[in-house]
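Report on the following structure.
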Amino acid sequence: MSRQSYSTSDLSRKSGDIIAEALRHPVTITQRNKPRLVLLNIEDYNRLRKSAETRTVGTLETMPPALLAEIEAAIDAYAQEDDADPGKHG
């Protein structure tokens, strides 16, 4: 689906049409021929916000113990391979 694009001057002249279109799919608003804004319906906006809120930053302190143990085991196995064949990576 191609996204319709309007200029900022179109926004003042065709606001009703642009809003009606934005209710169906995102609309790009350009300024000096460069994309500057995206107008989208509230459902799409809320969906994007919800998906962004589910992202979290993990640290070793917050990592589940089973996952941390799995990562440590993988690191140990890699280190043992490296110790067994010192010329392998260099």
Side-chain angles (χ1 to χ4, degrees):
M1 162 176 64
S2 67
R3 186 179 296 175
Q4 184 65 40
S5 180
Y6 295 94
S7 69
T8 51
S9 61
D10 290 333
L11 198 52
S12 62
R13 291 183 285 121
K14 304 177 183 179
S15 62
D17 293 339
I18 295 171
I19 289 169
E21 190 165 341
L23 289 170
R24 293 188 302 275
H25 55 83
V27 172
T28 302
I29 307 297
T30 62
Q31 187 174 39
R32 295 184 184 98
N33 295 318
K34 293 182 181 178
R36 297 291 184 192
L37 304 166
V38 175
L39 192 62
L40 65 153
N41 66 50
I42 195 69
E43 292 84 13
D44 288 346
Y45 173 75
N46 286 334
R47 184 175 37 76
L48 286 171
R49 287 205 45 180
K50 184 178 179 183
S51 69
E53 289 169 2
T54 61
R55 292 187 226 157
T56 58
V57 174
T59 64
L60 291 176
E61 291 77 24
T62 62
M63 187 178 295
L67 180 57
L68 182 57
E70 191 175 323
I71 291 171
E72 287 174 336
I75 291 170
D76 288 344
Y78 182 79
Q80 288 173 3
E81 274 183 29
D82 222 21
D83 288 345
D85 188 0
K88 182 177 178 182
H89 298 286

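Numbers here are sequence positions counted from 1. What you see is a predicted model; the values in this text were computed from it and never measured.
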Inset, instruction - Sequence neighbours left out, what pairs pass salt bridge (Lys or Arg N to Asp or Glu O under 4.0 Å) with at least one residue falling in residues 64-79? - result: none
Inset, instruction - Begin with the C-alpha distance, continue with both residues' side-chain angles, and end with the deciding distance and a verdict on side chain to side chain contact (heavy atoms under 4.5 Å, CB included) for R24 and N41. - result: CA-CA 7 Å; R24 293 188 302 275; N41 66 50; over 6 Å; no
Legend entry - Side-chain donor or acceptor of S51 paired with backbone N/O of L48 under 3.5 Å: yes
Inset, instruction - Flag yes if more than 12 heavy atoms outside N46 fall under 6.0 Å of its CG atom; otherwise flag no. - result: yes
Inset, instruction - With side chain to side chain contact (heavy atoms under 4.5 Å, CB included) as the test, would you mind laying out the steps for V27 and Y6 before giving the verdict? - result: CA-CA 8 Å; V27 172; Y6 295 94; 3.3 Å; yes
Legend entry - Over all atoms of both residues, closest heavy-atom pair of S5 and T30: OG-CG2, 3.1 Å
Legend entry - Test item: side-chain donor near acceptor, D10 and S7, under 3.5 Å: yes
Legend entry - Close side-chain approach of M63 to I71, heavy-atom, < 4.5 Å: yes
Legend entry - Check: L11 and I29 side chains under 4.5 Å, non-hydrogen atoms: yes
Inset, instruction - Please round to the nearest 0.5 Å and tell me the distance separating atom CZ of R36 and atom OG1 of T28. - result: 12.5 Å
Legend entry - CD1 on I75 to CD on Q80, rounded to 0.5 Å: 12.5 Å
Legend entry - I18 vs L39 side-chain heavy atoms within contact, under 4.5 Å: yes
Inset, instruction - Indicate yes or no: at least one non-hydrogen side-chain atom of R47 is less than 4.5 angstrom from one of R49. - result: no
Inset, instruction - Nearest 0.5 Å please: distance from the CD1 atom of I19 over to the NZ atom of K14. - result: 14.0 Å
